[in-house]
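Would you mind keeping the following structure in view while I ask a few things?
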Amino acid sequence: MWSLACRQPGRSVVRDLIIRNGTIVDGTGGAPFKGDLAIDGDRIVEVGEVRGEGRRELDAQGMIVTPGWVDIHTHYDGQATWDPLMAPSSWHGVTTAVMGNCGVGFAPVRPDQHQFLIELMEGVEDIPGSALAEGIDWQWEHFPEYLDALESKKRVIDVGVHVPHGAVRAYVLGDRCNTDYVPDAGEIAHMARLVREGVTAGALGFSTSRTLLHKDKKGVHVPGTFAGSDEMLAMGLSMKGLSHGVFEMVSDHLGDDDEWRWVKTFARETGLPVTLVATSAGAYEGDKMYNIAEESRREGMDIRPQIAGRPTGILQGLQSNFHVFVGHPTYRSEIAHLPLAEKVAAMSRLEMRARILAEESGIRATLTGATIPELLWRVFPLGDVPDYEPDREQSVAGMAQTSGVTPMEMMYDLLVRDSGRELFYQPLGGYFTYNFDFFRKNMQHPNVLFGLSDGGAHCGVIADAGMPTFILTHWARDRVKGEKFPLEFLVRKLSSDTARAYGMNDRGELRPGMLADINVIDFDRLRLFRPEAVHDLPAGGKRLVQRVEGYRYTVKSGEVTFDDGEPTGALPGGLVRGGREARLN
């Protein structure tokens with residue numbers, strides 16, 4: 001038994017909280033074991049057989065006890081300033097969320113740039129601009145002031161943040177930040193100073209975007225997309241000599257000689273970690289991502305590709321902002337603006353069905369070059385029990401072929417069933433073989449990090465904040481198309497691996513001295529529900545969320561924050577500042 005107690009004969013130690021009789025999956029990757037956990041204040045003090053009493057005790061009989069999840073790829077930058085609940089990630093056992101990814105965020109910012117950064121976030125991450133405009137109380141200009149504002153808010157989870165390239169470029173270059181203007185040496189030096197200032201103040205690192213997919217609300221590529229290697233390397237080397245600082249990059253060019261050269265130069269010169277998010281279709285074919293991870297491991301570089309537990313997926317549907325009929329003239333002019341029930345009623349009329357199906361779509365092709373009917377071979381109705389690794393025959397086009405109708409007819413009829421609540425999963429890349437074998441190979445590489453939940457973002461078309469729950473249920477319990485993973489491996493990858501990658505060495509494992517961030521999970525009952533649209537953002541903004549059952553308790557810093565899925569009102573979360581080590585006392 002691990003313990004920090006100095007027990008005296010004849011005396012019973014009373015702990016603040018004891019979790020008893022659970023199967024402990026401690027985050028180290030070691031085999032699960034039966035035992036108890038004792039907590040005093042915000043720290044774990046005993047693991048194993050706890051003999052004393054607790055002021056409060058939780059019975060975990062028949063359940064697994066894990067660390068809280070550390071989600072390193074979210075976009076709660078605005079939401080964290082107004083929402084203490086931090087849903088939906090907090091519903092799914094996340095106790096620490098890292099935001100400021102992909103080069104977008106809200107500091108540093110000049111007083112006249114608020115709207116620009118809002119439109120940047122709205123365009124890249126599909127967060128309603130009206131919600132951000134109403135919800136954010138701009139109490140900062142410089143990045144350290146933004147950190148102070150985040151720290152002043154109590155919330156149910158901890159948050160950490162990157163310094164975003166887009167905001168830094170806007171601050172220094174103004175209106176030229178997202179043009180083809182090439183900054184001079186002085187401007188690059190100014191940007192580098194802002195990055196170092198932010199990381200020194202407690203940012204967990206720096207982030208940038210190098211993908212053509214990321215554009216602002218006006219359709220302009222985000223600042224930094226075409227920045228030269230000298231600028232990129234200067235941003236990274238600004239963190240040289242610091243004890244912490246992750247370089248997070250989303251890129252279309254991973255593996256390209258020039259991009260790979262400066263990334264490796266940064267890693268070697270600083271000894272700091274890089275985490276890479278691949279956005280090119282080629283990265284999800286063959287062994288490209290795996291080879292990047294393997295080369296980094298062999299050469300001793302801390303370069304960590306990020307991967308989700310499944311392909312990122314657009315959700316089509318009448319509750320979503322997208323489906324294959326949004327480009328049809330009749331739908332655009334007569335139906336798109338209606339509430340859901342009225343959409344269903346209008347589309348259920350045979351005359352309306354015939355008109356829309358007879359029209360040509362304004363959407364000519366997908367990003368892959370496929371026509372819409374071809375695309376429907378990789379669009380799948382989710383149903384009440386979502387299946388994210390379906391067969392080809394389960395696609396809309398496959399169902400149409402079986403029924404003897406066209407794919408567009410099948411899609412139309414499925415859209416309006418179940419009162420328009422059906423949603424359709426459209427994997428973006430990596431699903432040409434109709435299985436997740438590619439993901440399994442990459443997920444098991446020691447240099448690969450689990451990420452890309454995008455919690456807080458893509459409100460109208462994606463609902464992946466429940467990724468930790470999906471990873472546990474699918475990869476440890478439910479998968480039928482191939483090999484699964486041991487539960488202890490997945491728990492480590494969702495907790496201690498992500499925590500260590502970002503220098504958060506005080507969490508992610510269940511052992512004495514560590515933060516008491518804990519999930520008690522009824523694993524047999526753990527399940528995801530079909531996503532749904534809610535209008536609970538400021539200004540009535542819409543977002544797609546995915547609810548869950550099976551998290552019996554979530555504990556953050558020693559306080560029970562969720563009891564069988566319901567928030568308790570406890571708000572022990574705050575800001576994680578980079579460079580703070582675990583307090584093992």
Between Thr275 and Glu248, a side-chain donor and acceptor under 3.5 Å |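 Judged by distance alone, the side chains do not pair up.
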No-hydrogen, no-angle side-chain donor-acceptor test under 3.5 Å, Ser89 and Tyr76 =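 A donor-acceptor contact under 3.5 Å links the two side chains.
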Kindly state whether the ring of His323 and the ring of Phe424 have centres lying under 6.0 angstrom apart.
->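 No, the ring of His323 stays outside the 6.0 Å limit from the ring of Phe424, centre to centre.
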Give the intermediate values and the outcome of side chain to side chain contact (heavy atoms under 4.5 Å, CB included) for residues Trp82 and Leu132.
-> CA-CA 10 Å; Trp82 75 71; Leu132 295 171; 4.1 Å; yes
Compare every heavy atom of Leu120 with every heavy atom of Pro223, then report the nearest pair and how far apart it is.
->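 Closest approach of Pro223 to Leu120, heavy atoms only: CD-CD1, 3.7 Å.
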Glu389 and Asn435: side chain to side chain contact (heavy atoms under 4.5 Å, CB included), yes or no, with the steps?
-> CA-CA 6 Å; Glu389 195 177 9; Asn435 65 59; 3.7 Å; yes
Could you list all the side-chain hydrogen bond (donor to acceptor under 3.5 Å, both in side chains) pairs where at least one residue sits in residues 93-102, not counting sequence neighbours?
-> Thr96-Arg507
Is it the case that Glu374 and Trp377 place a side-chain donor and acceptor less than 3.5 Å from each other?
->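 No, Trp377 and Glu374 have no side-chain donor paired with an acceptor closer than 3.5 Å.
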Any donor-acceptor N/O pair, Glu125 side chain to Glu122 backbone, under 3.5 Å | no
Is a salt bridge present between Asp148 and Arg577, judged by a nitrogen-to-oxygen distance below 4.0 Å?
->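 Counted as a salt bridge, because a side-chain N and a carboxylate O are separated by less than 4.0 Å.
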Report yes or no: does Arg210 contribute a side-chain atom to a donor-acceptor pair with the main-chain N or O of Gly224 at less than 3.5 Å?
-> yes
List for me each residue that meets side-chain hydrogen bond (donor to acceptor under 3.5 Å, both in side chains) alongside Arg440, sequence neighbours excluded, and say none if there are none.
-> none
Side-chain ion pair, Glu532 and Arg421, N-O less than 4.0 Å = no
Would you check if Gln306 and Ile72 make a side-chain contact, meaning some heavy-atom pair closer than 4.5 Å?
-> yes
Heavy-atom pair of closest approach, residues Gln113 and Gly174 |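 What the structure gives for the nearest pair is NE2-CA, 4.1 Å.
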Side-chain contact test, heavy atoms from C-beta onward, threshold under 4.5 Å: evaluate it for Pro183 versus Arg169 and give yes or no.
-> yes
Any residue meeting salt bridge (charged side-chain N to carboxylate O under 4.0 Å, His left out) with Glu134, in chain and number order, not counting sequence neighbours = none
For a side-chain contact (heavy atoms from CB on, under 4.5 Å) with Asp464, tell me which candidate from Gln546, His73, Arg310, His458 qualifies.
->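 Output: one option passes, namely Arg310.
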Does some side-chain heavy atom of Val277 sit less than 4.5 Å from a side-chain heavy atom of Thr211?
->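 SC-SC contact between Thr211 and Val277 ruled out.
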Using the test side-chain hydrogen bond (donor to acceptor under 3.5 Å, both in side chains), find all partners of His244 that sit at least two apart in sequence or belong to another chain.
->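 With sequence neighbours excluded, His244 shows a side-chain hydrogen bond (donor to acceptor under 3.5 Å, both in side chains) to no residue whatsoever.
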Determine the minimum heavy-atom distance between Ser320 and Gly460, stating which atoms define it.
->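 That closest heavy-atom pairing would be OG-O, 3.0 Å.
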Could you check Ile462 against Thr312 for side chain to side chain contact (heavy atoms under 4.5 Å, CB included), going step by step and ending with a plain yes or no?
-> CA-CA 8 Å; Ile462 295 174; Thr312 296; 3.8 Å; yes
Taking it one step at a time, do Glu299 and Arg268 satisfy side chain to side chain contact (heavy atoms under 4.5 Å, CB included)?
-> CA-CA 10 Å; Glu299 297 186 16; Arg268 287 171 176 149; 2.4 Å; yes
So, do Tyr434 and Arg378 sit near enough that their side-chain heavy atoms are less than 4.5 Å apart?
->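 Yes. Closest side-chain heavy atoms under 4.5 Å.
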Any Tyr146 side-chain heavy atom under 4.5 Å of Val161 side chain = yes
So, the side chain of Asp252 versus the backbone of Leu212: is there a donor-acceptor pair under 3.5 Å, distance only?
-> yes
Residues Tyr431, Phe436; criterion ring pair (Phe, Tyr, Trp, His ring centres under 6.0 Å); working and verdict | CA-CA 7 Å; Tyr431 203 64; Phe436 287 169; 5.5 Å; yes
Heavy atoms of Leu544 and Gln319 approach each other most closely as CD2-O, 4.0 Å
Write down the atom of Thr498, the atom of Lys493, and the distance for their closest heavy-atom approach.
->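 So the minimum-distance heavy-atom pair works out to CG2-O, 3.6 Å.
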Out of curiosity, Lys264 NZ to Ile292 CD1, how far, rounded to the nearest 0.5 Å?
-> 10.0 Å
For residues 102-109, which side-chain N or O atoms pair as donor and acceptor with protein atoms under 3.5 Å away, sequence neighbours left out?
none

With sequence neighbours excluded, tell me which residues meet side-chain hydrogen bond (donor to acceptor under 3.5 Å, both in side chains) with Glu141.
-> Tyr171
Is any side-chain heavy atom of Asp77 closer than 4.5 Å to a side-chain heavy atom of Met121?
->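 The answer is yes; the side chains approach within 4.5 Å.
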Flag the pair Gln316 / Val379 as yes when at least one side-chain heavy-atom distance between them is below 4.5 Å, and no otherwise.
->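 Yes. Closest side-chain heavy atoms under 4.5 Å.
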Do NZ/NE/NH1/NH2 and the carboxylate oxygens of Arg543 and Asp536 come within less than 4.0 Å?
->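 So Arg543 pairs with Asp536 through a salt bridge.
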List in chain and number order the residues that pass side-chain hydrogen bond (donor to acceptor under 3.5 Å, both in side chains) with Asn178, two or more places apart in sequence or in another chain; answer none if no residue qualifies.
-> none
Roughly how far, to the nearest 0.5 Å, is OG of Ser495 from CH2 of Trp69?
->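 Result: 6.0 Å between the selected atoms.
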Hey, could you give me the NE2/CZ distance between His92 and Phe470, rounded to the nearest 0.5 Å?
->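 Answer for the NE2-CZ pair, His92 versus Phe470, is 13.0 Å.
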Test of ring centre spacing under 6.0 Å for Tyr388 and Phe380 = no
Could you note down all residue pairs passing salt bridge (charged side-chain N to carboxylate O under 4.0 Å, His left out) where residues 184-208 supplies at least one of them, sequence neighbours left out?
-> Arg176-Glu187
Report the residues that fulfil ring pair (Phe, Tyr, Trp, His ring centres under 6.0 Å) with Tyr502, sequence neighbours left out, ordered by chain and then residue number.
->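 Here the qualifying residues are His162.
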Side chain proximity check, Met239 to Thr270, heavy atoms < 4.5 angstrom =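 No, their side chains stay 4.5 Å or more apart.
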Who are the salt bridge (charged side-chain N to carboxylate O under 4.0 Å, His left out) partners of Lys240, not counting sequence neighbours?
-> Glu269
For Ala149, side-chain contact (heavy atoms from CB on, under 4.5 Å) partners two or more places apart =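 Checked Ala149 against side-chain contact (heavy atoms from CB on, under 4.5 Å); matches are Gln139, Trp140.
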Starting at CD1 of Ile303, measure out to CG of Leu449 and round the result to the nearest 0.5 Å.
-> 12.0 Å
Main-chain N/O of Ala97 paired with Asp71 side-chain donor or acceptor, under 3.5 Å |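 Side chain of Asp71 to backbone of Ala97, a donor-acceptor pair under 3.5 Å: no, none is there.
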How long is the gap from CG on Asp180 to OG1 on Thr225, to the nearest 0.5 Å?
-> 12.5 Å
Answer with yes or no whether the side chains of Ser296 and Asn447 bring together a donor and an acceptor at under 3.5 Å.
-> no
Qualifying ring pair (Phe, Tyr, Trp, His ring centres under 6.0 Å) pairs with a residue from residues 179-223, counting only residues at least two apart or across chains |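 Those involving residues 179-223 are His165-Phe206, Phe206-Phe247, His221-Phe226.
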Supply the atom-to-atom distance Leu237 CG to Met232 CE, rounded to the nearest 0.5 angstrom.
-> 11.0 Å
Minimum heavy-atom separation for Ala170 to Phe116, with atom names?
->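 Ala170 and Phe116 have their closest heavy atoms at CB-CE2, 3.8 Å.
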